[in-house]
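The structure presented is a predicted model; accordingly, all values stated were derived computationally and were not measured. So that the names make sense, note that chain A is the first sequence line, chain B the second, and so on, each numbered from 1.
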2 protein chains.
Amino acid sequence: MTDIKTGINPLFLREEELRQGIELLFFAYRDFTAEPDAILAEYGFGRAHHRVIYFVGRNPGMTVSELLDILRITKQSLSRVLGQLVDEGFVTQRPGVRDRRQRLLALTEKGIEMERLLTERQRARIARAYRAAGAEAVEGFRKVMLGLVDEADHPRFPLRLSVRR
Amino acid sequence: MTDIKTGINPLFLREEELRQGIELLFFAYRDFTAEPDAILAEYGFGRAHHRVIYFVGRNPGMTVSELLDILRITKQSLSRVLGQLVDEGFVTQRPGVRDRRQRLLALTEKGIEMERLLTERQRARIARAYRAAGAEAVEGFRKVMLGLVDEADHPRFPLRLSVRR
DNA sequence: CATATATGTCAACATGACTGACATAAAGAC
DNA sequence: GTCTTTATGTCAGTCATGTTGACATATATG
């Protein structure tokens, strides 16, 4: 159980190491979302609105199905949030060209502005962390984070920038 | 704007890099919480219960205030979840020795079992990602993740294992 | 034409967050 | 020994975001 050379129990260290990982994920995500959440609250929006705005901004022309597949929520949950964003002029829907059942989603100018306002804080936080940690650490961060994501989603990285339909 | 030598816009690359970080955080956290959430649902619990069980298990004897400070929620929100866990025999409360206003929190045997059941999945996921990425990558992951956490919480790492009062 | 798919909608419900107000017991200050 | 502050709890109401189930519509596809 105890390593003769170091006097340290390697299983215990491993357990500690893994728990630290769990805690880093909790704290990092908590702080990562706190700033945009505060801004969203001023507009009467929540985190769900940010997610929609973010991913639609990232994938202009994406379909509702694709968005549902990313968010992993029900269409009923999405429809409330998406409906609000469309009603208030942040997101547009237009029928697909090849498949007219689809509603291709995109941001309006107002939506693009909101996206920038919200994501800016998160980008700044990540930039700060990347700068402080160094390029090599960033590479390690990416490797580990990708390993935490379900295999099925690996083809998403790097996310395509725009969808043409 | 465009690097003469590489023909690549360094600002664009940086933007892509940061967005990838945002997305990795979203996907990793989504998948990291999905497994325990499914188990919790079977017991009629939610993610909030897991957080309480996790941190109380990690810091036996911690106070309600300390827990609130970690979770960053209101005492009213905590009290419902904590009350359920106490009622159903997962968590115990005992008065502080030095300060009898405090309710020192700890897990029962049942609580410890539940903590193990829930956290086991997350530990396994992290272990898998660490193994796949290698020791050096893990070090980078830790550096970047710590950089994402608000400075005020840095003294929490590594979290103390037990609190004596 | 028949079936499957993409999307939307209505209704009911659960969870977990919030604010605000008030209560109690104990500690700490003077 | 009173006064104030602190640690905690509780009641009540609200909101955001998720769920399930049932049904509707338009379009694509075989």
Legend entry - Set of residues satisfying side chain to side chain donor-acceptor pair (under 3.5 Å) with respect to Arg80(B), sequence neighbours excluded: none
Legend entry - Carboxylate-amine/guanidinium proximity below 4.0 Å for Arg58(A) and Glu16(B): yes
Legend entry - Inter- and intrachain pairs under ring-ring contact (aromatic ring centres under 6.0 Å, His included), touching residues 76-105 of chain A, at least two apart: Phe45(A)-Phe90(A)
Under 3.5 Å between N/O atoms: give me all the protein pairs with nucleotides 9-18 of chain C, atom names plus distance.
residue	atom	partner	partner atom	Å
dG16(C)	OP1	Gly46(B)	N	3.3
dG16(C)	OP1	Arg47(B)	N	3.0
dG16(C)	OP1	Ala48(B)	N	3.4
dA17(C)	OP1	Arg51(B)	NH1	2.9
dA17(C)	N7	Arg80(B)	NH2	2.9
dC18(C)	OP2	Thr74(B)	N	2.6
dC18(C)	OP2	Thr74(B)	OG1	2.9
dC18(C)	OP2	Ser77(B)	OG	3.2

Inset, instruction - Quick one, give me the B/S/- string for nucleotides 24-30 of chain C, reading 5' to 3', where B means a protein heavy atom under 4.0 Å from the base and S means that only happens at the primed atoms, P, OP1 or OP2. - result: -BBS---
Legend entry - Partners meeting salt bridge (charged side-chain N to carboxylate O under 4.0 Å, His left out) with Arg123(A) (sequence neighbours left out): Glu15(B)
Inset, instruction - Can you see which heavy atom on Gln122(B) is nearest to which on Phe32(B), and at what distance? - result: NE2-O, 3.0 Å
Legend entry - side chain to side chain contact (heavy atoms under 4.5 Å, CB included), paired with Met145(A), selected from Phe27(B), Tyr29(B), Phe141(B): Phe141(B)
Legend entry - Spacing of Leu118(A) atom CG and His50(A) atom NE2 [to the nearest 0.5 Å]: 4.5 Å
Legend entry - Positions of residues 112-121 of chain B (non-hydrogen atom under 4.0 Å from DNA chain C), listed by number: none
Could you pull out all donor-acceptor pairs under 3.5 Å where a side-chain atom in residues 110-117 of chain A meets a protein atom, sequence neighbours excluded?
residue	atom	partner	partner atom	Å
Lys110(A)	NZ	Glu88(A)	O	2.6
Glu115(A)	OE1	Arg19(B)	NH2	3.2
Glu115(A)	OE2	Thr119(A)	OG1	2.7
Glu115(A)	OE2	Arg19(B)	NH1	3.1
Glu115(A)	OE2	Arg19(B)	NH2	3.3

Inset, instruction - Would you mind listing every side-chain hydrogen bond (donor to acceptor under 3.5 Å, both in side chains) that reaches into residues 126-137 of chain A, with sequence neighbours excluded? - result: none
Legend entry - the helix from dC1(C)-dG30(D) to dC30(C)-dG1(D): angle between end helix axes, five pairs per end, rounded to 10 degrees: 30°
Inset, instruction - Under 4.0 Å from any heavy atom of chain B: name the first and the last nucleotide of DNA chain D that qualifies, 5' to 3'. - result: dT6(D) to dC11(D)
Inset, instruction - With sequence neighbours excluded, give me every ring-ring contact (aromatic ring centres under 6.0 Å, His included) pair touching residues 59-88 of chain A. - result: none
Inset, instruction - Would you indicate whether Arg51(A), at its atom CZ, is surrounded by more than 12 heavy atoms from other residues, nucleotides or ligands within a distance under 6.0 Å? - result: yes
Legend entry - Test: Asp150(A) and Arg125(B) ion pair at under 4.0 Å: yes
Inset, instruction - Only counting residues at least two apart or in another chain, list the ones meeting salt bridge (charged side-chain N to carboxylate O under 4.0 Å, His left out) with Asp153(B). - result: Arg30(A), Arg72(B), Arg156(B)
Inset, instruction - Answer yes if the side chains of Thr33(A) and Arg47(A) hold a donor-acceptor pair under 3.5 Å, and no otherwise. - result: yes
Legend entry - No-hydrogen, no-angle side-chain donor-acceptor test under 3.5 Å, Glu23(B) and Tyr54(A): yes
